[in-house]
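Owing to the predicted nature of the structure, the values given are computational and were not obtained by experimental measurement. Reminder, nothing fancy here: chain letters follow the sequence lines and each chain counts from 1. These numbers come from the heavy atoms of this one structure, side chains and all, not from hydrogens, waters or symmetry mates.
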Amino acid sequence: MKKDKEILKKVTALKEELAAVSEAHLEACMNKANALLSSLYQQYDFTRTIVHMDMDAFYAAVEMRDNPSLANIPMAVGGEDMLSTSNYIARRYGVRAAMPGFIARKLCADLVIVPTDMAKYSAVSRVIRSVLSQYDPNMTPLSLDEAYMDFTDHLVKRRELDDQSRTFPEFSETMCRCEPEERLGVVSSTEGISSAVGDGVADVPNLNEDNLQNSVATDDTRILPSATNSDTEPSEARIMKDTTVSTDTSQCPRCNMPHNPKRILFDVGVEDAVREMRHRIHLKTRLTASAGIAANCLLAKICSDQNKPNGQYMLPFTVDAVQDFMKDLPVRKVPGVGKVSERQLAAFDVKVCSDFYKHRDVLYFLYSGGMFEYFLSVYLGLGANRLSKNEDGPKSKSVERTFRGMSDPDQLRTLCHELSLELAEDLKSAKNLQGKTVTLKIKLVTFEVKTRSQSLPTATNDGEDIYNVANQLLTTEMKNCSSKPLKLRLMGVRMSNFTTSDSKQQKLKVIRDTNSTPSDKRISFLDKIEAERKSEKVNQSCNEPLGLLAYMSTDKPIGTTSNISNAGRNVSTKLSSVWDESGDVTTRKTGKIIELLEGASNTDPWSLADSTSSSVATIPSDSTVKTATKYGPLDFYRSSKSGALDPWAKDDSSSLGGF
DNA sequence: ATACATACC
DNA sequence: CACTGGTATGTAT
């Protein structure tokens, strides 16, 4: 309600801004949008088959599985103060994830709230991932219950698999549900898996290696629990095969349940492959999953929501099907468009994805280049079709705690200390991460949130170090509003800016290695930068290199400030001094380097660059020190968007031949 | 670099 | 009674 007003306020402000804009300007926006659109349009790629799978009401489902008395009542997982998930019965009352318990109870007085047991969910998750890995060893988990997979390779191999490899016992609570491991001939590290099964999944008994070997060697059927739960997957037509293994009344040595003579044969096609995967998850965990199948991650993710729970949806791999699908899709379904964006967009009559197109001129004007490009690519149904490598690691870590008004300075300090130490522990146990930036977050009793941060010269993960900074920030805040007592309802401490394995040097190397036609001069200059960095002299001097910048074919003199139009806004740029490889300023009157100033990060200097000439620039000695990577060349401008995708990368001689 | 808002689970 | 907590990211300054 309060938020609503704020959103509305912003919207009206934006509308005014929009109203003040000339027809001509809007027309220009339209042209820009069209240009981008036509370049995006070339990006369709239906060569990969991406699957997104998502467990149904995961935490709640696990708890219901392990405690049948919860199965038919409205329940949720979480604390009194916050719910993580609710089951489908509770959802009928409007009880949702991310809802405080007390509100949930208002909606549903009988709601049972089960405390979360992350350890258990992680264990179950490992089991699930072991299945997923068999379809894509490079599967990318998004969270405990969600993952992207690229099925392309599996589908090729799958054609070679015999029927038996695609045959699985029907689901039954009372009969064996085991299956031979490695059935798909996929190598998977099963060590962790079997142990995970041991502690995490109560209903797959005795899965130890001995038994595993036995059963794999001797038979292919096992059994499990039962009950015609097979009708939980109704809509799915599969090829059924009553391989009446009949006479087999024996028990599975693994789970001690009778073998299930009923089998399901899955086809070699994509949809059956995915059904099979979901079925195997069901067999192993007694939990259901939903999945989406499409040509890229964005579409797959949206599709997995389509037939939830316990269903799947495949979006045909054609431009027409994709566009048709996107046309009426509510923008809220788009990942990244949350409650706020939904409202904002709605205020400009953008409700479904085709409205991204319909109002492209206005959107171009209103949103940043990145956002706008995203909207249009979503409209077209474009998305990444390769799973990004799971590297990097966390970018920040934090601890925060909510409580009921606290204003005593000593108490606050104590809390701050505790949080700092906790965070330090977290950092240490998480790969011994060390960070430079400490952020203090406080929420006043009025619900106003503030963050205050400060960076250290050196990375640390020492509790006292962190506390020193956090406490200082806290003290400042307390002084700052000394008139009032500073009553808080939340305090948090965060560490970020981790020193990874010197990403800066890494990047410089990459840049150098990437140069197709590297100039010797440039390399030697970069080497020098690297050397300086290593000797840690860099920050002493304000001559810190800004990085490689485009050598502009402009005739304006050094020092000129000019404007570049970027996404309908003007961005300030400055022609700066040119430094040669010895570090001296060359005094060319017509310097041709453009230095991007703050806030200009979306401007692509290459698009304005003369493709043949290039050089290295540093910032003048009286400037603020900046790092080379911040404006580092190739990397920076090309990272997220592949060259062609960059709206500002003109079709002309744009990129830097020399680089 | 810092502050804040938004999104997702 | 009462509206989380953790992390990532975009945007503005």
Could you tell me whether the phosphate oxygens of [N], OP1 or OP2, come under 4.0 Å of any side-chain nitrogen or oxygen in [X]?
X      : N      : answer
A:K395 : C:dG6  : no
A:S368 : C:dT11 : yes
A:K443 : C:dT4  : yes
A:R105 : C:dA2  : no
A:R332 : B:dC8  : yes
A:R494 : C:dA8  : no
A:K397 : C:dT7  : yes
A:K301 : B:dC9  : yes
A:T85  : B:dC9  : no
A:S453 : B:dA1  : no
A:R489 : C:dC3  : yes
A:S398 : C:dT7  : yes

Would you call the rings of A:F356 and A:F375 parallel, tilted or perpendicular, where under 30° means parallel and over 60° means perpendicular?
parallel

Please check if the side chain of [X] supplies one atom and the backbone of [Y] the other of a donor-acceptor pair under 3.5 Å.
X      : Y      : value
A:T476 : A:Q472 : yes
A:T285 : A:L287 : yes
A:T437 : A:Q454 : no

I need the [atom1]-[atom2] distance between [X] and [N], as an integer number of Å.
X      : N      : atom1 : atom2 : value
A:L298 : B:dC8  : CG    : P     : 12 Å
A:R96  : C:dT4  : CZ    : P     : 19 Å
A:L440 : B:dA3  : CG    : P     : 10 Å
A:L490 : C:dG5  : CG    : C1'   : 9 Å
A:Q344 : C:dT11 : CD    : P     : 11 Å
A:M118 : C:dT4  : CE    : P     : 19 Å
A:Y374 : C:dA8  : OH    : P     : 19 Å
A:E146 : C:dT7  : CD    : C1'   : 15 Å

Does A:E477 form a salt bridge (Lys or Arg N to Asp or Glu O under 4.0 Å) with A:R452? I'd like the steps, not just the answer.
CA-CA 9 Å; A:E477 277 317 295; A:R452 297 287 178 257; 2.8 Å; yes

Can you tell which of [options] lies closest to the side chain of [X]?
X      : options              : answer
A:R452 : B:dC4, C:dG5, B:dA7  : B:dC4
A:T451 : C:dT11, B:dC4, C:dT9 : B:dC4
A:F447 : C:dT4, C:dA8, B:dA1  : C:dT4
A:M82  : B:dC4, C:dT4, C:dC3  : C:dT4
A:K10  : C:dC1, C:dG5, B:dA5  : B:dA5
A:S396 : C:dG5, B:dT2, C:dA8  : C:dA8
A:A98  : C:dC3, B:dC9, C:dA8  : B:dC9
A:M371 : C:dT11, C:dG6, C:dT4 : C:dT11

What distance, rounded to whole Å, do you find between the two P atoms, one in B:dA5 and one in C:dT4?
15 Å

Upstream residue (5' side of DNA chain C) when A:K106 and A:D426 are each assigned their closest nucleotide
A:K106

When A:R404 and A:R401 are each assigned the nearest nucleotide of DNA chain C, the 5'-most assignment goes to A:R404

Working to the nearest 0.5 angstrom, can you tell me the gap between A:Y379 OH and A:L363 CG?
12.5 Å

How about A:F365 and A:H25: are their ring centroids closer than 6.0 Å?
yes

Do the ring centers of A:Y59 and A:Y121 come within less than 6.0 Å of each other?
yes

Name the nucleic acid region contacted by [X], choosing base, sugar-phosphate or nothing; use a 4.0 angstrom heavy-atom cut-off, strictly under.
X      : value
A:Q454 : sugar-phosphate
A:V449 : nothing
A:V334 : sugar-phosphate

